[in-house]
Amino acid sequence: MSVAQTNLWFTELQNDNLTIGLRIEKTIHSEKTEYQQLDVYKTVQYGNLLVLDGCIMTTDKDEFVYHEMLAHVPLHTHPNPKSVLVVGGGDGGIIREVIKHPSVERAVLAEIDGRVVEASKKYFPHIASGLSDPRVDVQIVDGIRYVEEHPNEFDVILIDSTDPVGPAVGLFQRPFYESVFRALKEDGLMAAQTESPFINQDLIRQVYGDVRATFPITKLYLAYVPTYPTGMWSFTLGSKKYRPQDVREVRVHDTKYYNREIHHASLVLPNFVKELVGE
Ligand code: SPD
């Protein structure tokens, strides 16, 4: 039987009424870590697929969109990011993008589940490639506690969480954003992945409100990730001083999705999303 004829499917139940299915060639890895169910599949369409607790985290073929957009929009918004913290993101995709910025001297990855880091190194080596860079400090810790314990330390904090269930819930709540505010230097900024405007309206509204109550500047922006629920994905940026709208030049060019035009286009919101967050 050829690969295209297998009838094995990974199906993510995105909500009670919606699924996404990827035909798989085989299961590569499956384990119950201390924190979650971790599975890696070889898919026919998207290469290797990382799944945590039944939710798609990343695939070989479309990972660049999410990782570039969560990293480069905020990093270019800061004029000189030297010290960067990534909360979550154990696969290393955000770190890979962070260290493309020549100004970055130190990039800390605070990931709670060391098994995600190890699985990514083994099954997604191109995504995890930055983790061995000498500027990178991988900490297997609770990101919420790490942020609380490091006040006034970072220029940029990027929150690459799993979906807002289980251990990630606290990463979508106001006390965490307040703690992120304190962990940033006086002109620092943050960005977080904030799910789909089509099916996570309440969450986006709540997070946007919490970030706006915490930071002087708040901006929602969008990107298109084929394997994430509905494809349309949002990110919420909170900043003490700099506005993403003011970026004039792009310093990193070895990207597949991000560029100066995409930076500004991502800040332009459809009317239903504008209404959602009141921009
Ligand atoms: N539903 C998808 C949400 C995924 C957010 N994090 C992905 C991790 C990739 N580094």
Side-chain angles (χ1 to χ4, degrees), residues 10-15 18-22 33 35-41 46-74 84-99 107 109-121 123-131 136 138 143 157-172 190-201 203-204 207 221-236 256-258:
F10 166 77
T11 303
E12 173 180 328
L13 182 64
Q14 303 189 327
N15 68 20
L18 191 66
T19 67
I20 181 172
L22 281 75
T33 75
Y35 298 97
Q36 54 208 338
Q37 178 65 35
L38 186 167
D39 300 294
V40 180
Y41 302 100
Y46 283 103
N48 285 359
L49 159 68
L50 174 66
V51 176
L52 294 178
D53 280 343
C55 296
I56 294 173
M57 289 298 115
T58 201
T59 80
D60 279 335
K61 295 282 171 68
D62 69 351
E63 57 85 13
F64 63 93
V65 180
Y66 174 90
H67 291 134
E68 290 181 13
M69 290 302 283
L70 179 51
H72 296 305
V73 172
V84 179
L85 170 65
V86 178
V87 177
D91 54 69
I94 300 296
I95 284 286
R96 180 193 65 197
E97 298 304 316
V98 167
I99 60 172
L109 177 75
E111 163 63 52
I112 199 166
D113 192 343
R115 293 301 303 151
V116 176
V117 177
E118 294 313 311
S120 187
K121 284 181 184 168
Y123 302 113
F124 300 87
H126 66 294
I127 296 179
S129 59
L131 295 175
V136 174
V138 178
I157 297 179
L158 304 174
I159 301 147
D160 181 11
S161 66
T162 53
D163 298 292
V165 284
V169 167
L171 298 174
F172 292 86
M190 60 141 267
Q193 78 87 359
T194 45
E195 308 277 309
S196 167
F198 275 105
I199 55 174
N200 304 103
Q201 291 98 339
L203 177 94
I204 291 172
V207 167
Y221 64 96
L222 299 172
Y224 300 90
V225 185
T227 58
Y228 284 179
T230 79
M232 179 190 267
W233 212 247
S234 78
F235 305 86
T236 303
K256 290 204 279 186
Y257 188 88
Y258 179 85

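We're numbering straight along the sequence, starting at 1. Every number for a ligand or one of its atoms is a count from 1 in the order of the listing. Nothing here was measured: the structure is a model prediction, and the numbers come from that model.
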A.B. asks: Give the numbers and elements of all ligand 1 atoms closer than 4.0 Å to a heavy atom of Gln193.
C.D. replies: 5 (C)
A.B. asks: Short question: side chain of Asn200, backbone of Leu203 - any donor-acceptor pair under 3.5 Å?
C.D. replies: no
A.B. asks: Under the salt bridge (charged side-chain N to carboxylate O under 4.0 Å, His left out) rule, what do Glu118 and Arg115 come out as? Steps first, then yes or no, please.
C.D. replies: CA-CA 5 Å; Glu118 294 313 311; Arg115 293 301 303 151; 5.6 Å; no
A.B. asks: Considering only heavy atoms from C-beta outward, does the side chain of Ile127 approach that of His67 to under 4.5 Å?
C.D. replies: yes
A.B. asks: Quick check: does Ser161 get an N/O under 3.5 Å from an N/O on ligand 1?
C.D. replies: yes
A.B. asks: Quick one: does ligand 1 sit under 4.0 Å from the side chain of Trp233, the backbone, both or neither, non-hydrogen atoms only?
C.D. replies: side chain
A.B. asks: Verify, without hydrogens or angle tests, whether Glu97 (side chain) and Glu68 (backbone) share a donor-acceptor contact under 3.5 angstrom.
C.D. replies: no
A.B. asks: Under 4.5 Å between any side-chain heavy atoms of Leu109 and Leu131, yes or no?
C.D. replies: yes
A.B. asks: Does Ile94 approach ligand 1 within less than 4.0 angstrom via side chain, backbone, both or neither, non-hydrogen atoms only?
C.D. replies: neither
A.B. asks: Hey, does Tyr66 come in under 3.5 Å of ligand 1, counting only N/O atoms on both sides?
C.D. replies: yes
A.B. asks: Give a yes or no on whether the ring-centroid distance for Phe235 and Tyr66 is below 6.0 angstrom.
C.D. replies: yes
A.B. asks: Do ligand 1 and Glu12 have nitrogen or oxygen atoms that lie under 3.5 Å from each other?
C.D. replies: no
A.B. asks: Under 3.5 Å between any N/O of His67 and any N/O of ligand 1: does that happen in this structure?
C.D. replies: yes
A.B. asks: Looking only at protein heavy atoms, which one is nearest to atom 4 (C) of ligand 1, and what is the separation?
C.D. replies: Tyr228 OH, 3.5 Å
A.B. asks: Using a plain distance cutoff, I'd like to know if Asp91 has any nitrogen or oxygen under 3.5 Å from a nitrogen or oxygen of ligand 1.
C.D. replies: yes
A.B. asks: For ligand 1, find out whether one of its N or O atoms is nearer than 3.5 Å to an N or O atom of Asp163.
C.D. replies: yes
A.B. asks: Could you check whether Arg96 pairs with Glu63 (Lys NZ or Arg NE/NH1/NH2 to Asp/Glu carboxylate O, under 4.0 Å)?
C.D. replies: yes
A.B. asks: Would you say Gly90 contacts ligand 1, with heavy atoms under 4.0 Å as the rule?
C.D. replies: no
A.B. asks: Is the terminal nitrogen or CZ of Lys61 (NZ for Lys, CZ for Arg) located under 6.0 angstrom from the six-membered ring centre of Tyr46 and within 45° of that ring's axis?
C.D. replies: no
A.B. asks: Check ligand 1 against Ile56 and write out every atom of the ligand that is under 4.0 Å from a heavy-atom position of the residue.
C.D. replies: 1 (N), 2 (C)
A.B. asks: Please determine whether side chain to side chain contact (heavy atoms under 4.5 Å, CB included) holds for the pair Gln36 and Val116, giving the CA-CA distance in whole Å, both sets of side-chain angles, and the decisive distance to 0.1 Å.
C.D. replies: CA-CA 10 Å; Gln36 54 208 338; Val116 176; 3.6 Å; yes
A.B. asks: Among protein heavy atoms, which lies nearest atom 8 (C) of ligand 1, and at what distance?
C.D. replies: Asp160 OD1, 3.2 Å
